[in-house]
Amino acid sequence: MAAHWPDDIMKKVVALCKRRGFVFQSSEIYDGLKSAYDYGPLGSELKRNLMNEWWADMVTTRENVVGIDASIIMKADVWRASGHAAGFSDPLVDCFISKERFRADKAPRPEAGADLPILCADKGQAKSYQALIQKMHNIELSRSGKELAGLRVSDDGKHVEFNGTALVDYSGYVSPCIGSPFLSEERSFNLMFKTNIGAVDPMNDASQTLAELSAAEDLTAAIQERFAGNCKRKDAPITKALARVSDGAVPEKDVRAFLIRAVIEQITFNSTVYLRPETAQAMFVQFKNVMETSGQKPPFGIAQMGKSFRNEVTVEHFIFRSCEFEQMELEFFCEPGTQLEWMEYWKDQRMNFWKRYANYPDEFMFRKHEDDELAHYADGCYDVEYKYPWGWDELEGIASRTDHDLHEHEIHSGTKLRYVDQEKEDPETGKKPWSYRPFVIEPSAGATRGLLVYLLDAYHEETRTDAKGKEVTRTVMKFHPKLAPIKCAVLPLVGKDGMPEKAREIIASMQAAGIPAKYDQKGSIGKRYAKHDEVGTPSCITIDGQTLEDGTVTIRDRDTTEQVRITIDQIIPRVKAQLGL
RNA sequence: GCCGGUAUAGCAUAGUGGUAAUGCAACAGCCUUCCAAGCUGAAGACGAGGGUUCGAUUCCCUCUACCGGUUCCA
């Protein structure tokens, strides 16, 4: 944990966010909505500042990167091509004993005839699991320390046995945590937010159709009759479902529910759209349009910032992992063979970016993905990690995705997604021109995670002794001036003697110079300083009696609390310099 | 999801089977010449639903949300 943090840093940051209007819980007056957050007056400024910095760094200061702003609602075909519709529907399984939830495809797979020891965390847990299994299956496993023995996979691999008697069906795997074979059915993980486009709710049609079909004696025949037209299409949900049923792939008891589900899917098929689970796909899908209209050619990038939506297995740590989040992504298209050099380049660029605005740059690091951790199409991936209060965790992923995405969209859409290089020879044929699908480097950052990182990085508590000898704590958010939601506060020392008027005058001149300055007259001067420390305002200008006499003001630094007296015409250049304008 | 914990005003704490107190903050005003000063005033809460009860914020159940663990991602 960083030295500048108190123990309960998360609690304090969350409280400050609410108290000062950075982040509120969504739908709070209706009891709140899980894992959704609203950014208040200061939070929306902070987020906008961060995202503007990213956009400036990635797009407006580079000749070979252009931006897009795509629709959040995208056609289902996009997600079938990207693999999100299928590949992300990971089969999840619950262990009835330990209650853990895990991915079936990642679980250990003891073979036929193997013993199935259940390994618990400690003796107490072993005892309670032993009792639970006895209650559920009426068997007593032998316990040795924290291990329970007696179960094995039958020789044909179909059952879990105890003393030669089949107890339950064997799923082919056991739970990763304790090795239990007492598991629920596989259920797919609903990654994407699905919705329907169109003014008429497709559920009207679905319920009507189901009411008619469910009256039929032979459901399969009734479906075939009702969907005769759709059944001719091989990729129609109803066609696939009927085929699975006739293959016997669906257990008898589940057939009816399975078919009813397929009917609903068929009816909603054409109106189904998804909220994007990542901003990346639009950049692949619009690759051709963007390249042709912007005059770009590889190496070049398409950048996008915006919201994405995922149903998470678990949401946690405030805004760190939420269902609705905001991304800042670049897809950088380059010549095949040059991708790893570009990855090194973007790694540096991105790490420099995060460190630039941080008080503690050493709390960022790279983590290289091991080969077995990489997606099958990727040929390299680094995460930028931050040292959160709960440990190192991800902030940005920089992946080398080969030409996988463009390739998939070529296949699914039938549109060529290539660049034709007139100057170069195709390495395979040796002939000009070279038509290739660019390889892609993808630096994909979480904007809302970045926000959390800088909230944590900025949070400081300083204890000092006040005039009465009492210990007081100063909470100060040491935001980088570029990120600070309020850039400068102008404070009349007291609300009379022409000080407010003078302050308003100064604010008007600052705003005319492009500095968003805020007026604040509420409460004593000390309170106002404390409040602006807490929201991270880098400097406060104070108008006092002397201002009216000689045209000087004091300017106070947030981090040191030191004040210097300057003339009014020095204010703008000084504040501008601090903001890097 | 699951396990454990929590839920009283914006925040922090009281308290009670007969609907709630205090401090800070916020708001209006007065006063105030540099680091959360003072005075006055007004406002604001028992997370939601159900049950037991004459009566529930308090006891019971359910739900919702949050925090900590467990697993997927930006």
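The structure displayed is predicted, hence computed values, not measured ones.
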Pairs under 3.5 angstrom, nitrogen or oxygen only, protein versus nucleotides 42-48 of chain B, please.
from   : atom 1 : to      : atom 2 : distance (Å)
B/rG47 : O2'    : A/Asp31 : OD1    : 3.0

Could you write out each protein N or O paired with an N or O of nucleotides 66-69 of chain B at a distance under 3.5 Å?
from   : atom 1 : to      : atom 2 : distance (Å)
B/rC66 : OP1    : A/Ser35 : N      : 3.0

When you compare the protein's N or O atoms with those of nucleotides 8-12 of chain B, which come within less than 3.5 Å of each other, and at what distance?
from   : atom 1 : to      : atom 2 : distance (Å)
B/rG10 : O3'    : A/Lys18 : NZ     : 3.4
B/rC11 : OP1    : A/Lys18 : NZ     : 3.2

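Under the 4.0 Å criterion applied to side-chain N and carboxylate O atoms, A/Glu53 and A/Arg356 are not assigned as salt-bridge partners.
In this structure, the aromatic ring of A/Phe325 is positioned over the six-membered ring of the base of B/rA74, centres within 5.5 Å and planes within 30°.
Ring-centre distance between A/Phe353 and A/Tyr357: below the 6.0 Å cut-off.
With both pairing distances under 3.5 Å, B/rU53 is matched to nothing as a Watson-Crick or G-U wobble pair. Partner assigned to B/rG4 is B/rC67, using Watson-Crick or G-U wobble distances below 3.5 angstrom. Across all strands shown, B/rA9 forms no Watson-Crick or G-U wobble pair with both distances under 3.5 Å. Base-pair partner of B/rU33: not found among the strands shown (Watson-Crick or G-U wobble, both distances under 3.5 Å).
One N or O donor and one acceptor, one from the side chain of A/Thr554 and one from the base of B/rC34, sit under 3.5 Å apart.
Both the sub-6.0 Å distance and the 45° axial angle are satisfied by A/Arg449 relative to the ring of A/Phe320.
Contact annotation for A/Glu442: no contact, since no heavy-atom pair falls under 4.0 Å across all strands.
For A/Ser524, a side-chain nitrogen or oxygen approaches OP1 or OP2 of B/rA37 to under 4.0 Å.
Between A/Gly397 and A/Asp544, the residue anchored closer to the 5' end of RNA chain B is A/Asp544, taking for each the nucleotide with the nearest heavy atom.
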